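See below for the structure under consideration.
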There are 2 protein chains.
Amino acid sequence: MPKVSPVLLDEQLCFSIYSASKKFNHFYQSALAPFGLTYPQYIAMLVLWEDAPLTVHQLGDRLELDSGTLTPLLKRLEKQGWVTRVRSRTDERQVLIHLTEMATAKRDEVYQRIGQCQTLLGMTNKEIDSMMTELVTVKEQLDNVSAQRLITKKVDDLA
Amino acid sequence: MPKVSPVLLDEQLCFSIYSASKKFNHFYQSALAPFGLTYPQYIAMLVLWEDAPLTVHQLGDRLELDSGTLTPLLKRLEKQGWVTRVRSRTDERQVLIHLTEMATAKRDEVYQRIGQCQTLLGMTNKEIDSMMTELVTVKEQLDNVSAQRLITKKVDDLA
DNA sequence: GGCAATTTAATTGTATACAATACTCTGGAA
DNA sequence: TTCCAGAGTATTGTATACAATTAAATTGCC
């Protein structure tokens, strides 16, 4: 076996991102506590506030989540009064997610709360943009490699 | 109500990071398929390869996970033959996580596999370092704000 | 028009996460 | 020595994620 470099946790970009993601999750969960929304519920609401009504599939495209995650999440949002789930009449396969009056009424309150909490992070728009640009590159690479199921093949070629 | 800026999903750094984290998870899950390790199991093994044996608490400090997550994860690693969980004799509260012979034997294979897969991402060390540096800043801000439970107070001050 | 392939959601099963609680053990104070 | 506060782990309950399967509806194709 040839000499192999150790893989150290603290040098792994994946762990930095994984850790940051959990911290963001916690941050928004706290920020949104007055509204009782979890982070995934919140991003679902963001999309719906932009574009309701949407089918489960359309919402999933935006959030990169499938029905296995969204169906129970949306049922919880429905139970809490944020959305309604209605079978489409023109295509009975689809379920349309509509905003309730409460959701529409609370939209600006949430926007405002989020805006305020984000100022606490003390990042400039420029810093945020720069970071998101880099993340897009990383994500494209990950998509190129893994979404096309090339990992096994390519790595086996390397071996 | 004063005019409020909309919050658009595609402009949210949190979502970029959340999405990247999921893609990394999937990437490593595929890369590690030959070993049957999930991403969280893999990072646990990374720490143990650096420093076994460790208590559940010490491992949790490194991974930023608590016993509620680690206990079942470690039981699964034990069932699959990667680790053993042994009550400490000097302090019966502690459980020491040891590597099995198989885990020690497979370490370099995993290191190599990961090294190969990472080359597929086509990122230079410089790019990775730069990104991790920025992420450290973000995470520090998130820790400052949310770990100290100041969100509610500060935002209410703003209101 | 009839039927196979496809699309869309929901369901099932497994694996994280994490708050809150329970339980056991340890070390120190009275 | 006894008791108790705190530490360390496990458990419980809720909420994601996602692969794989199921079920129902629709579309294409003949």
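Below, all heavy atoms of this structure are taken into account, side chains as well, without hydrogens, waters or symmetry copies. Residue numbers begin at 1 in each chain, while the letters A, B, ... track the order of the sequences. None of the values given here were measured: they were computed from a predicted structure.
- The nucleotide whose nearest atom lies closest to any side-chain atom of R76(B) is, among dA15(C), dA9(C), dA10(D), dA15(C).
- Toward the 5' end of DNA chain D, the nearer of the two residues L70(B) and D91(A), judged by each one's closest nucleotide, is L70(B).
- Considering only side-chain N and O atoms, R87(A) lies nowhere under 4.0 angstrom from the phosphate OP1 or OP2 of dT8(C).
- Looking at S16(A), its side chain never comes within 3.5 Å of a backbone N or O of M132(B) through a donor-acceptor pair.
- Counting only distance, with no hydrogens or angles, the side chain of Q141(B) and the backbone of M123(A) share no donor-acceptor pair below 3.5 Å.
- Candidate nucleotides dC18(D), dA9(C), dA25(D) were compared by shortest atom distance to the side chain of T69(A), and dC18(D) ranks first.
- Sequence order on DNA chain C of the closest nucleotides to H57(A) and K22(A) puts H57(A) first from the 5' end.
- A distance of 9.0 Å separates CG of L74(B) from CD of Q41(B), quoted to the nearest 0.5 Å.
- Considering only side-chain N and O atoms, T55(A) lies under 4.0 angstrom from the phosphate OP1 or OP2 of dA9(C).
- OP1 or OP2 of dT16(C) sits under 4.0 Å from a side-chain N or O of Q41(B).
- Closest to the P40(B) side chain, of the nucleotides dT16(C), dT9(D), dA19(C), is dT16(C).
- If you check dC18(C), dC18(D), dT16(D) against the side chain of L65(A), the one that comes closest is dC18(D).
- A close approach under 4.0 Å does occur between a side-chain nitrogen or oxygen of H26(B) and OP1 or OP2 of dA19(D).
- With hydrogens and angles ignored, no donor-acceptor pair under 3.5 angstrom links the side chain of T38(A) to the base of dA15(D).
- The distance between atom OH of Y39(B) and atom P of dT16(C), rounded to the nearest whole Å, is 12 Å.
- Spacing between atom CG of N25(B) and atom P of dA17(C) amounts to 7 Å, rounded to whole angstrom units.
- Classified by interplanar angle (parallel below 30°, tilted 30° to 60°, perpendicular above 60°), the ring pair F24(A)/Y28(A) is parallel.
- Closest contact between the side chain of E92(B) and the listed nucleotides dC25(C), dT9(D), dT11(C) involves dC25(C).
- The phosphate of dT16(C) has neither OP1 nor OP2 within less than 4.0 Å of any side-chain N or O from Y18(A).
- You'll find that the side chain of R93(A) is closest to dT26(D), out of dT26(D), dT9(D), dC18(D).
- Checking dA19(D), dA19(C), dT11(D) against every side-chain atom of D66(A), the shortest atom distance belongs to dA19(D).
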